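To find a chain, count down the sequence lines: A is the first, B the second, and so on, and within it residues start at 1. FYI, side chains are in, hydrogens and waters are out, and symmetry mates aren't considered; it's all heavy atoms of this structure. This one's a predicted model, so the numbers in the text were calculated from it and none came from an experiment.
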Number of protein chains: 2
Amino acid sequence: MEQMTYKNSGVDIDAGNKSVQLIKDAVKKTYRAEVLGDLGGFGGLFALKKYAEPVLVSGTDGVGTKLKIAFMMNKHDTIGQDAVAMCVNDILVQGAEPLFFLDYLAVGKLNPEQVAEIVGGVAAACSESGCALIGGETAEMAGFYQTGEYDVAGFAVGVVEKKNLITSSRVKVGDILIGLPSSGLHSNGFSLVRKIIFEHKKFKVTDKVDGLEKNIGEEILTPTRLYPKICLPLIKNFGNKLHGMVHITGGGFYENIPRALPKNFGAEIDANSWQVPKIFKLLQEWGNVDWHEMFRTFNCGIGMILIVDEESFDDFATHLNENYEEFYKIGRVVESGGVKIIRS
Amino acid sequence: MEQMTYKNSGVDIDAGNKSVQLIKDAVKKTYRAEVLGDLGGFGGLFALKKYAEPVLVSGTDGVGTKLKIAFMMNKHDTIGQDAVAMCVNDILVQGAEPLFFLDYLAVGKLNPEQVAEIVGGVAAACSESGCALIGGETAEMAGFYQTGEYDVAGFAVGVVEKKNLITSSRVKVGDILIGLPSSGLHSNGFSLVRKIIFEHKKFKVTDKVDGLEKNIGEEILTPTRLYPKICLPLIKNFGNKLHGMVHITGGGFYENIPRALPKNFGAEIDANSWQVPKIFKLLQEWGNVDWHEMFRTFNCGIGMILIVDEESFDDFATHLNENYEEFYKIGRVVESGGVKIIRS
């Protein structure tokens, strides 16, 4: 009888090792001075600098079915940014500086070049966020994912001095909500996006649509914006004047804004205070989606919200203007009543 | 036209919220004093205690296609232990105490009771490993995984004083290798396991086989052993006398032992020094698998190896005996020649 091997059961350790060779340099470029050791250890090593009372803040997320768009377009170099962004934006809102990141990649058939594209995107996004990519797992799961398909998830750890931790306790009635633009759909709501665009409207990813600069596929695959570059200086410079931050992730405005507010506080948002980008308007129209559902599912153009002291608003505005950062005064914290979004 | 919603596209935020309610208590039971805040924050918060030079050690892993066995048996309460074990065993070998864990769970259709079973297993394993489950993501990816199927991955962070970090520098020629038993197959090599058992031999999970106490499905689904309970006291009590540890994970003996050795050092293992468990012998025989391939793919009964000073061996043996822990003197560190496994 013929000998059975791990390789002929569909798992190729050599291909795994080849992937590691291909991603090595991109990964090393993300290293910060605190990274000890090298690739290939059992665990990733990070020497924490001196903090009086360090609080580690960690988050994990995947990119959901946005992956399907990457498969349809056979474009794998930006989905890694989505995985990084979904995690680092989550830890950022508690005032933490992202320190390091690990990725989990599960593939049907290990194609070292494809793995290198995906992880290259992860590494580039880590560099832009200032965090080191110190570990990862690439699992070849034969008969689990289709050949050429995969799932990717990430884990980020950051740190903040305990006294600087952002909790809802800073938030006061009357605080101003400043909206920072998203880069597009980010990585939420793609089951609905795909249903509207490909099932209902029967578009192809290469189709062009009036009002969108890019073709449909490129438009919706636009990677999630990384907010550390804009938000870390705000955290550093404004300290306690920054009362809170909200990452508009799964659950949209309605489920995320309350996470940053004291219990029973509410928020009033004026949806006319910014221009909802075309892609959201098209999705709303094509799918006849109720606007409440739109704001519960999508970021509708606002990926991050800053909650600031009313008196400090002008200082924040000046800082953002000086750094050529777009922003909108989108609402206020109110005494009660949940999240209310006004559209005229 | 009918309104389209996120829910009718296959993603049910309410079912997600129900899952959170179901797992809440199990998750809270894992909390240590250092955990701040509560479920529902954007990031998991962990206040690090005082260390002179803390090194954070982190690892991520999934459970591979062992998941298919859980699906075949419709048994979801132990696979979470596999995810935890694969990660904490990796960080343990560098001398780190596991502090906290996050899980990533991607499901085809969100069934809150099934999610509670899976995460319940994660939480129980976290408790046994002494680490807090401070975050997680449950992604409903409609049209991505089959209904009832899922993928799960984990991420663990531990800490060790820099001077106590275990690196290969402690290892000397002549050091003794002590093998600690595995609980079974752990979570590696399942593509080959499934090919041999279900494709080639055409067994069903409920089949009984001579020499195995449990039925085939139960035997191979046995969760990966958690080594923190046995290894943390060794790290604490023996300090520098413990020269290294090896988690026998993907790549088996041949790829993992060298990760704990200085470059160019080798190891000689006497495979007759322990009783290779029946399941490995059956897999070898059924699949006509070469023994080299067996030791490159499976743990063959040894899930963790301690590398210890020759003079301290008796002290380790006494400690292990006093704690009723099974162990085997399986080999030695040698000057060169890679990993050599002797079988008579």
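- Annotation for A:E161: atom CD counts as buried by contact number, over 12 foreign heavy atoms lying within 6.0 Å.
- Only the side chain of A:V157 comes within contact range of chain B, with heavy atoms under 4.5 Å apart.
- In this structure, chain B has a heavy atom under 4.5 Å from the side chain of A:F71, while its backbone stays farther away.
- Interface remark: of the candidates B:V93, B:D61, B:N17, B:D61 forms the most heavy-atom pairs closer than 4.5 Å to chain A.
- Neither the backbone nor the side chain of B:T138 comes within contact range of chain A, judged by heavy atoms closer than 4.5 Å.
- If you measure heavy-atom distances from B:V159 to chain A, you find no contacts under 4.5 Å at all.
- Nearest heavy-atom pair, B:I134 versus A:S58, reported as atom, atom and distance to 0.1 Å: CD1-OG, 3.5 Å.
- For CD of A:Q3, the number of neighbouring non-hydrogen atoms (other residues, nucleotides, ligands) closer than 6.0 Å is greater than 12.
- Within the structure, salt bridge (Lys or Arg N to Asp or Glu O under 4.0 Å) contacts touching residues 42-60 of chain A (residues at least two apart or in different chains) are A:E34-A:K49.
- For chain B, the nearby part of A:A52 is the backbone; its heavy atoms alone come within less than 4.5 Å.
- Nearest heavy-atom pair across B:F42 and A:H247 is CE2-O, 3.4 Å.
- Contacts between residues 103-110 of chain B and chain A, counted as heavy-atom pairs separated by less than 4.5 Å, involve B:D103, B:Y104, B:A106.
- Contacts of residues 250-257 of chain A with chain B at a heavy-atom distance below 4.5 Å involve A:G251, A:E255, A:N256, listed in sequence order.
- With values rounded to the nearest 0.5 angstrom, A:F155 atom CZ is found 7.0 Å from B:L102 atom CG.
- Of the residues considered (B:I91, B:T65, B:T5), B:T5 shows the highest number of contacts with chain A, using heavy-atom pairs under 4.5 Å.
- For the options B:A47, B:A139, B:S191, heavy-atom pairs under 4.5 Å to chain A are most numerous at B:S191.
- Of the listed residues (B:N8, B:V55, B:L99, B:T167), the one with the most heavy-atom contacts under 4.5 Å to chain A is B:V55.
- For the set A:G59, A:P54, A:G62, the entry with the most heavy-atom pairs within less than 4.5 Å of chain B is A:P54.
- In this structure, the side chain of A:K195 does not engage the main chain of B:G10 through any donor-acceptor pair within 3.5 Å.
- Across B:L67, B:L92, B:V11, the residue that shares the most heavy-atom pairs under 4.5 angstrom with chain A is B:L67.
- Considering only heavy-atom pairs separated by less than 4.5 Å from chain A, the leading option among B:K68, B:M4, B:M141 is B:M4.
- Atoms NE2 and OG, on A:H200 and B:S9 in that order, are 13.5 Å from each other to the nearest 0.5 Å.
- Smallest separation of non-hydrogen atoms from A:L36 and B:K162: CD1-CE, 4.2 Å.
- Near-neighbour residues of residues 288-298 of chain A relative to chain B, defined by a heavy atom under 4.5 Å from a heavy atom of that chain, comprise A:N288, A:V289, A:D290, A:E293, A:R296, A:T297.
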Exercise. Give the intermediate values and the outcome of ring-ring contact (aromatic ring centres under 6.0 Å, His included) for residues A:Y145 and B:Y145.
Key: CA-CA 8 Å; A:Y145 298 89; B:Y145 298 90; 5.8 Å; yes
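- Between A:L56 and B:F100, the shortest heavy-atom contact is CD1-CE2, 3.8 Å.
- If you take CG on A:D151 and OH on B:Y150, they are separated by 15.0 Å, rounding to the nearest 0.5 Å.
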